[in-house]
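Below is one structure; the comments refer to it alone.
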Protein chains: 2
Amino acid sequence: MEDLHLSFTEENYLKSLIHLTVLSLAKIEVGTNELAVNLNVKPATVNDMLKKLKEKKLINYERYGKISLTEIGRLAGMEVLRKHRLWETFLVEKLDFSWDEVHEVAEQLEHIHSRKLIDRLDSLLDFPKFDPHGDPIPNAKGEIEILTRKTLNEIEIGEKCRLVAVKDNSSAFLQYVNKLGLTIGSEIEIASKEIYDELLHLIIDDQTFTVSKKFAENLFVV
Amino acid sequence: MEDLHLSFTEENYLKSLIHLTVLSLAKIEVGTNELAVNLNVKPATVNDMLKKLKEKKLINYERYGKISLTEIGRLAGMEVLRKHRLWETFLVEKLDFSWDEVHEVAEQLEHIHSRKLIDRLDSLLDFPKFDPHGDPIPNAKGEIEILTRKTLNEIEIGEKCRLVAVKDNSSAFLQYVNKLGLTIGSEIEIASKEIYDELLHLIIDDQTFTVSKKFAENLFVV
DNA sequence: TAATAAAGTTAGATAAGCCTAACTTTAAAT
DNA sequence: ATTTAAAGTTAGGCTTATCTAACTTTATTA
């Protein structure tokens, strides 16, 4: 399971597939075009790579068919995800990065090949269960705790909830979240909603804020 | 000086040039073949890359001429070296790697692009001056403390000296060094030398060891 | 169900890094 | 100083990962 030497690019394909299948519950297959959009390359490029990944037994795929990860592919992809999230945690916990600065650097660090490195990092961080964005970190066996989470726009008027994670990890979005004084764990109450333009009025720490539906869809709450 | 986007490969060329020119005192130019040997590629490959590096103003080079780093190239190469040595220090100090395990991983980590990351790492490690092999770490301005060091085989019989660094960073060599109980700072006395086969008899912690000239040439002492 | 749209595939190009084989220039040695 | 050896270069190919443009298959919808 170790020692199958994957390129930077191959690892990115597996990571995308993890996101599109394993992590987006209730879907275990994905199409060429959707994967192309996710990886920001053209479908023709994906098509070529699918043949290679199938050859290496990392994915299940037939001509004109849907794509899914094999067990080997799932484990390899999970390891990349584990590395990404552990590095993000390291950057925030040990190097005082803010949560909106870590994604790009972790995109690079996740491709460092060293089992020992990642296991020691896990230990240094005291085996964290969640990364700075509230996402669960897969363990060394590739197991992940997938919790059912609602997005903020699914919460009813008058209800209170707690921010547990963010969907969008871009610095633009996260800085916007910061501006509202929100952090993982913050309590949010839905004051009211506008029918016409779908805006939400929130109460956070006794202050009122108005946000868009798009914004609310990117916050996971319980 | 920041933001010139260099590839993994280009960075390795600059790092090699730093080693072959700046660090190996009294030589500021190098040839295509020598660089090829150092990078473990063929001279023809180096020749192609020289054109690219010259185009990017990282090296001084004319057809059939010698190669040297420009100021831009020197700074970029120094930054790679700085990253390599800081990461090695991190692995030993924070993740309990032994000094013979760090080189390969640092070869990967040195190519992570993030000025903030490396400066924060420097700070986390308390601005170390030397890496685990006793080599000086360039500062954020690309300045390095080049000290005049002798190798163990240059020491006269009866003299005592102290191990300050190792030349060879391979795990095979470093494990051999470990086996003799030597660490950076160890005191070594030259008991005697064999004329015939150039062996050295050493006294380390009241114990006698016999080592080859090749071995002694890879230990820096003062 | 036949036409059309969407999804997926193929063929042919390009750029980066690498190679081998043949060639040219410079340096060394008789 | 001429020959030979060493160093350096060029031309042409290969692989990986990407692209565009044209084509095929599957799905949708009128």
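A note on names: the letters A, B, ... follow the listed sequences, proteins ahead of strands, and every chain is numbered from 1. These numbers were taken from a predicted model, which means no experiment stands behind them.
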Within the 6.0 Å centroid threshold, strictly below: A:Tyr13 and A:Tyr61: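 Ring-ring flag for A:Tyr13/A:Tyr61: false, centres at least 6.0 Å apart.
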Looking only at side-chain N and O atoms, does [X] come under 4.0 Å of OP1 or OP2 in [N]?
{"X": "B:Arg63", "N": "D:dT10", "value": "yes"}
{"X": "A:Lys66", "N": "C:dG8", "value": "yes"}
{"X": "B:Ser7", "N": "C:dA16", "value": "no"}
{"X": "B:Lys42", "N": "D:dG8", "value": "no"}
{"X": "A:Tyr61", "N": "C:dT9", "value": "yes"}
{"X": "B:Lys51", "N": "D:dT9", "value": "no"}
{"X": "A:Thr32", "N": "C:dT9", "value": "yes"}

Comparing A:Thr45 and B:Glu34 on DNA chain D - which has the more 5′ nearest nucleotide: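 Looking at the nearest nucleotide for each, B:Glu34 comes out on the 5' side.
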Can you measure [X] atom [atom1] to [N] atom [atom2] for me and round it to whole angstrom units?
{"X": "B:Asn40", "N": "C:dC18", "atom1": "CG", "atom2": "P", "result": "10 Å"}
{"X": "A:Glu62", "N": "C:dT9", "atom1": "CD", "atom2": "P", "result": "11 Å"}
{"X": "A:Leu35", "N": "C:dT9", "atom1": "CG", "atom2": "P", "result": "11 Å"}
{"X": "A:Leu50", "N": "D:dA17", "atom1": "CG", "atom2": "P", "result": "13 Å"}

[X] side chain, from C-beta outward: closest of [options]:
{"X": "A:Asn47", "options": "C:dT10, C:dG17, D:dC19", "result": "C:dT10"}
{"X": "A:Thr9", "options": "C:dT9, D:dT18, D:dT16", "result": "D:dT18"}
{"X": "B:Tyr13", "options": "C:dT9, C:dC18, D:dT9", "result": "C:dC18"}

Distance (rounded to the nearest 0.5 Å) between A:Ile190 CD1 and A:Asn153 CG: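 Taking CD1 in A:Ile190 and CG in A:Asn153, the distance rounds to 8.5 Å.
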